[in-house]
S.K.: 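Structure below; questions to follow.
All residue numbers in this chain count up from 1 along the given sequence. Both ligands and their constituent atoms are indexed starting at 1 by order of listing.
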Amino acid sequence: MNRISLWEGTAADVHFPAQNEDLSVDVAIVGGGITGITAAQLLVAAGKSVAVIEAHRVGRGTTGHSTGNLHVAVDDQLQKLRKKWGDDVLSVVCQSRQAMITFIERTISQYGIDCGFVRRPHFIFPAEASQISTMEEEHAAALAGGLAATLSTVDLPMALGPALRIDGQAQFQPLSYVALLAKAIASDRCRIFENTKVVDINDRDQVVTTTGGGIRAKKIILATHTPKGFHLVQTELGPYREYGMAAKLASGALPDGIFWTLETPMHHSIRSYDGHLIVIGEKHKVGQHDNAEDYYGKLETYARRHFNVTTVDYRWSGQHYKPADELPFIGQSGTHPDLYMATGFSTSGLLYGPLAAHIITDDILGRENEWASVYKANRFTPVKSAKEFVKENVNVAEQYVKDFLLRRADVEKVADVAAGEGCLVEIDGKKVAVHRSTSGEWTALSPICTHMGCIVHWNGYEKSWDCPCHGSRFATDGEVIEGPAMLPLERLRVGE
Ligand code: FES
């Protein structure tokens, strides 16, 4: 069984160099996922010079851990979006998302990208009796959004009633798409750097400082899933992790399309790719539930209950940021007009990423964008976001209190940390995050998150230190994996 995503296991192997010189460009793009690479594609096509700075490998962050599904329906249900925002905004959301499916299809054909793109219907169906009536409302919302949606049967064992069917949706290999698109657009005017970490963003002087030098830019786009550094918008986002598995079946047909179950408190997403059944689900707040193995176990139990699974070939997890008012934040950041952000995509980054690239590119080029006002990053919607805003920020405050005042060390002394694990240990009255490698080496870090000072938690499955407040994640050597933190956890020296 591979502890990587199916996409990482089957994608084209595309590499880019690390940055090793200072340079000046029109636009610096921080983040080489689908948002950043699409922005580069559009800006270069419009004659701008760009530099894309990716901390790890292009497409292998959130994009390479997604579902590979492209659908207009939103994970939190169209009817909820309709109740909160009304039919006009609902229509903009549906139209803009559908337009991005067409855009991706066109891009694939333009560059000849081999990424298994197929048009498929999307089915959303009740898997609990209490959800059957919900389908009527979801159907009505889909029609109000301008979608040609119907109610139809679905041939899956857990379906308890008619499904909402939306045709013209699509599926692809998301990592192959992004990696091959990046390869196609890379040039002297489109510099793409991997393994290059951003250590500072000076939005006044418009300089991005990285581990490979400085990049002076007229505009900067933070295409990092959640913006790096401190931004008010982070109080409007809830960071979640969700799990995925790809399995082979002994018998029975693989589902042909995008299938979502409606269950409380969360749904499962089911699709197939290249002979594998893919099941996604079991989400939870980042850093607040320690045992990822339990979630994988639940997901596998669920898959085995409904399908004749023989082997599980891949397991992975991905992160998303749920916005308090249900809409992503895209456009000029609140701090500087030349600094752009794109965040709060929930589980829809494969469409909201390209959409963000369009909106931001249009703004940089001085072009009108018909969808921009609905998604603008510096909006203030206290009524629409109140409930979730309070919930998320009470949750963050609880983490501070629980971890700083009440949390005890996981083990008494450094020697008690098992090989391959990480624990909080109290040394001279201070908590220290200690990791012991399988070969017996210790790494001691400050457990204080470098974003805004919450205490990190050990993630035993992914071998990372995860922050429960805004979703920053750190490797065992303290380096940032993802999230708003820019600086690594501080290295400490301790003895046994
Ligand atoms: Fe914000 Fe850790 S991610 S405090």
S.K.: Is His470 close enough to atom 2 (Fe) of ligand 1 that one of its N, O or S atoms comes in under 2.8 Å?
M.R.: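 Short answer: no, not a single N, O or S atom is under the cut-off.
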
S.K.: Only heavy atoms of Ser472, strictly under 4.0 Å: list the atoms of ligand 1 that pass.
M.R.: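 Checking each atom against Ser472, I get 3 (S).
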
S.K.: Determine, using ring centers only, whether Trp465 and His435 are less than 6.0 Å apart.
M.R.: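 When the ring centroids of His435 and Trp465 are compared, they turn out to be at least 6.0 Å apart.
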
S.K.: Shorter than 2.5 angstrom, is that how the SG atoms of Cys454 and Cys467 come out?
M.R.: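 The answer is no, since Cys467 and Cys454 keep their SG atoms 2.5 Å or more apart.
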
S.K.: Do you see an N/O/S atom of His451, backbone or side chain, under 2.8 Å from atom 2 (Fe) of ligand 1?
M.R.: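 It does not: His451 brings no N, O or S atom closer than 2.8 Å to atom 2 (Fe) of ligand 1.
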
S.K.: Can you confirm whether or not the ring centre of His71 sits under 6.0 Å from the ring centre of Trp260?
M.R.: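 Distance test on ring centres: under 6.0 Å, yes.
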
S.K.: Please verify whether a non-hydrogen atom of Gly453 lies at under 4.0 Å from ligand 1.
M.R.: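 Yes, Gly453 has a heavy atom closer than 4.0 Å to ligand 1.
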
S.K.: Please tell me whether Phe329 and His231 form a close aromatic pair, meaning their ring centres lie under 6.0 Å apart.
M.R.: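 Phe329 vs His231: aromatic centres not under 6.0 Å.
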
S.K.: Considering the options Thr476, Val434, Val417, which one meets the side chain to side chain contact (heavy atoms under 4.5 Å, CB included) requirement together with Trp458?
M.R.: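 Exactly one option meets the side chain to side chain contact (heavy atoms under 4.5 Å, CB included) with Trp458, and it is Thr476.
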
S.K.: Which part of Cys449 is near ligand 1, with near meaning a heavy atom under 4.0 Å away: side chain, backbone, both or neither?
M.R.: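 The part of Cys449 near ligand 1 is the side chain, not the backbone.
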
